[in-house]
Protein chains: 2
Amino acid sequence: MKIGILAAKTGFSIQTIRFYERKSLLAAPERTASNYRSYSEDALKQLLFIKQCRALDMTIEEIKLVLETRANPENSCENVNTTIDKHVDDIEHRIAELKLLQETLISIRSTCDHDKKVKECGVLHQLDSIAEACSSNTDNESQLIC
Amino acid sequence: MKIGILAAKTGFSIQTIRFYERKSLLAAPERTASNYRSYSEDALKQLLFIKQCRALDMTIEEIKLVLETRANPENSCENVNTTIDKHVDDIEHRIAELKLLQETLISIRSTCDHDKKVKECGVLHQLDSIAEACSSNTDNESQLIC
DNA sequence: GCTTGACTCTATACCAAGTATAGAGTTTAC
DNA sequence: GTAAACTCTATACTTGGTATAGAGTCAAGC
């Protein structure tokens, strides 16, 4: 199967498939006489597996590790689980951060109703006054937003 | 004030300050006779303002827009508000995505207790079987995880 | 006057995870 | 035979910085 078909079947772009090959996430396939890549069904399965991992936001390095672990059925799957656990944790932190940011944004946004001029804009004044406060406070480390 | 002092006062690294100058986020400062950058208090305030914006996850292009808008007090502040609104929206979507991902990860993770072998690992089986299912289903668009 | 260390300068390369392009060759359909 | 569609390699670009090399500058101590 040529790369265009594989791309259509997996939903990856042709460039991304070649990129994964360069990154050793996907083995270099056979070539035709005219140097076109020729993929097996296994390559398709591998790419779909990779797709699941990417959908779970794993990095390429992490996926490489999972693929290596998976290659030997007698291996312990411990580091696969560790990878998943780490992600669950990371995502939890990220959600917390985003929620805080969301609140800050909404709070700032509430200080300007609509279509005012710059000099009257509560949003800009907020941003300025926080900056001012940080400027006069030399102890940057202890502040949330500075 | 030299760049090292400015870096210490703002919490940005020296490289980042020079990077912002290259990106036209910060005006090129005066130079000393020996070609060292020499910053004013205004540059400090500008950087602290930029810091607030970055803390709100604005991109450099967005910050540039806000700075340009801010430069003229008679301007309408509408696009500043639009920028903030867009961010609130983006973050909401991102949080929803992450929550879904979190659930998927936890669900997959629950299929492997601890220190099993690869061939018995529920996590790997899950990843595989989703990939299999996607492989036999040609209608990729309508599926959540494929 | 000389050296040492701390500071700054420019230019360039690197990170992740791809995307986009140019320019060349190949295959397929009519 | 030719045109469209496909593939190839190589390279540059994206974002928001970070890290390095190699050179120049400045202040302090001897």
Side-chain angles (χ1 to χ4, degrees), chain A residues 1-26 28-40 43 46-47 49-67 83 86-87 90-91 94 97-98 101, chain B residues 1-26 28-40 43 46-67 83 86-87 90-91 94 97 101:
Chain A
M1 153 176 38
K2 281 192 281 183
I3 198 167
I5 305 292
L6 190 61
K9 283 195 179 176
T10 59
F12 284 120
S13 75
I14 290 173
Q15 295 101 304
T16 299
I17 294 172
R18 290 198 280 238
F19 170 74
Y20 284 166
E21 182 182 326
R22 263 204 321 284
K23 290 281 165 180
S24 309
L25 211 54
L26 192 64
E30 304 280 304
R31 298 287 183 127
T32 66
S34 54
N35 202 32
Y36 283 12
R37 288 173 179 82
S38 178
Y39 293 97
S40 65
Q46 173 107 337
L47 266 180
F49 185 89
I50 291 169
K51 194 150 208 229
Q52 292 315 306
C53 294
R54 285 295 299 134
L56 299 178
D57 244 12
M58 290 186 207
T59 65
I60 288 180
E61 285 309 312
E62 285 169 336
I63 298 172
K64 220 184 275 186
L65 188 71
V66 172
L67 287 171
T83 300
K86 185 177 154 294
H87 271 278
D90 286 352
I91 291 169
R94 187 66 187 137
E97 273 175 17
L98 286 176
L101 180 55
Chain B
M1 153 176 39
K2 280 192 282 184
I3 199 167
I5 306 291
L6 190 62
K9 283 194 179 176
T10 59
F12 284 120
S13 74
I14 290 174
Q15 295 100 305
T16 299
I17 294 172
R18 292 199 279 239
F19 170 75
Y20 285 165
E21 181 182 327
R22 263 206 320 284
K23 291 280 166 181
S24 308
L25 213 53
L26 193 63
E30 305 278 305
R31 298 288 182 127
T32 66
S34 54
N35 202 32
Y36 284 11
R37 288 174 179 80
S38 178
Y39 293 98
S40 65
Q46 173 106 335
L47 266 180
L48 290 170
F49 185 89
I50 291 170
K51 196 150 208 235
Q52 292 315 307
C53 294
R54 285 295 300 135
L56 299 178
D57 242 13
M58 289 189 209
T59 65
I60 288 181
E61 285 309 312
E62 284 168 339
I63 298 172
K64 220 184 276 183
L65 188 72
V66 171
L67 287 170
T83 300
K86 186 178 153 295
H87 270 278
D90 286 353
I91 292 169
R94 186 69 187 134
E97 273 175 17
L101 181 54

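In the text below, chain A, chain B and the rest are named by the order of the sequence lines, each starting its count at 1.
Side chains of K9(B) and L47(B) form no contact here, defined as non-hydrogen atoms less than 4.5 Å apart. Taking the side chain as every heavy atom from C-beta outward, I17(B) and Y39(B) approach each other to under 4.5 Å. Residues L67(A) and Q46(A) are in side-chain contact: their nearest non-hydrogen atoms beyond the backbone lie under 4.5 Å apart. With contacts defined as side-chain heavy-atom distances shorter than 4.5 Å, the pair L56(A)/H87(A) does not qualify. Using a 4.5 Å cut-off on side-chain heavy atoms (C-beta onward), R54(B) and I50(B) make contact.
Residue-level contact check: Y20(A) touches the backbone only, with heavy atoms under 4.0 Å from sugar-phosphate atoms and none from bases. R22(A) comes within 4.0 angstrom of no nucleic acid atom, judged by non-hydrogen atoms across all strands.
Look at S13(A) and you won't find any side-chain N or O under 4.0 angstrom from OP1 or OP2 of dG18(C). R54(A) has a side-chain polar atom (N or O) that falls below the 4.0 Å cut-off from OP1 or OP2 of dG18(C). Between T16(A) and the phosphate of dT19(C), there is a side-chain N or O to OP1/OP2 separation shorter than 4.0 Å.
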Discussion item. Using a 4.0 Å heavy-atom cut-off to protein, can you give one letter per nucleotide of nucleotides 24-30 of chain C, 5' to 3': B if the base is in contact, S if only the sugar-phosphate is, - if neither?
Written reply: -BBS---

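Separating the CD1 atom of I5(B) from the C1' atom of dT8(C) is a distance of 12 Å, rounded to the nearest angstrom. With rounding to whole Å, K64(A) atom NZ is found 11 Å from dA17(C) atom P. Following rounding to the nearest Å, M58(A) (CE) and dA16(C) (P) show an atom-to-atom distance of 17 Å. Here dA17(C) presents its P atom at 5 Å from CD1 of I60(A), a figure rounded to the nearest Å. Rounded to whole Å, atom P of dG18(C) lies 11 Å from atom CG of L47(A). The distance between atom CG of L6(B) and atom P of dT8(C), rounded to the nearest whole Å, is 10 Å. In this structure, the CD1 atom of I17(A) is 12 Å from the P atom of dG18(C), given to the nearest Å. Straight-line distance from the CD atom of Q15(B) to the P atom of dT8(C): 11 Å, rounded to whole Å.
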Acceptor/donor pairs from residues 18-25 of chain B side chains to any protein atom, 3.5 angstrom cut, sequence neighbours excluded:
| unit_1 | atom_1 | unit_2 | atom_2 | d |
| --- | --- | --- | --- | --- |
| E21(B) | OE1 | R37(B) | NE | 2.8 |

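Partners of K86(B) under the side chain to side chain contact (heavy atoms under 4.5 Å, CB included) rule, at least two apart in sequence or in another chain, are E62(B), D90(B). Shown here are the salt bridge (charged side-chain N to carboxylate O under 4.0 Å, His left out) partners of E97(A), two or more places apart in sequence or in another chain: R94(A).
Protein chain B contacts DNA chain D over a range whose 5' and 3' limits, counting nucleotides with an atom under 4.0 angstrom from a non-hydrogen atom, are dG16(D) to dC26(D).
Rounded to 10 degrees, the angle separating the terminal axes of the helix from dG1(C)-dC30(D) to dC30(C)-dG1(D) is 30°, with each axis obtained from five end pairs.
The backbone N or O of T10(A) lies less than 3.5 Å from a partner atom in the side chain of K51(A), making a donor-acceptor pair.
A distance of 9.5 Å separates CD1 of I14(A) from CD1 of I5(A), quoted to the nearest 0.5 Å. One distance of note links OG1 of T83(B) with CG of L65(B); it measures 5.5 Å at 0.5 Å rounding.
Between R18(B) and E61(B), it is E61(B) whose nearest contact on DNA chain D lies nearer the 5' terminus.
Closest approach of S38(A) to P29(A), counting heavy atoms only: O-CB, 3.6 Å.
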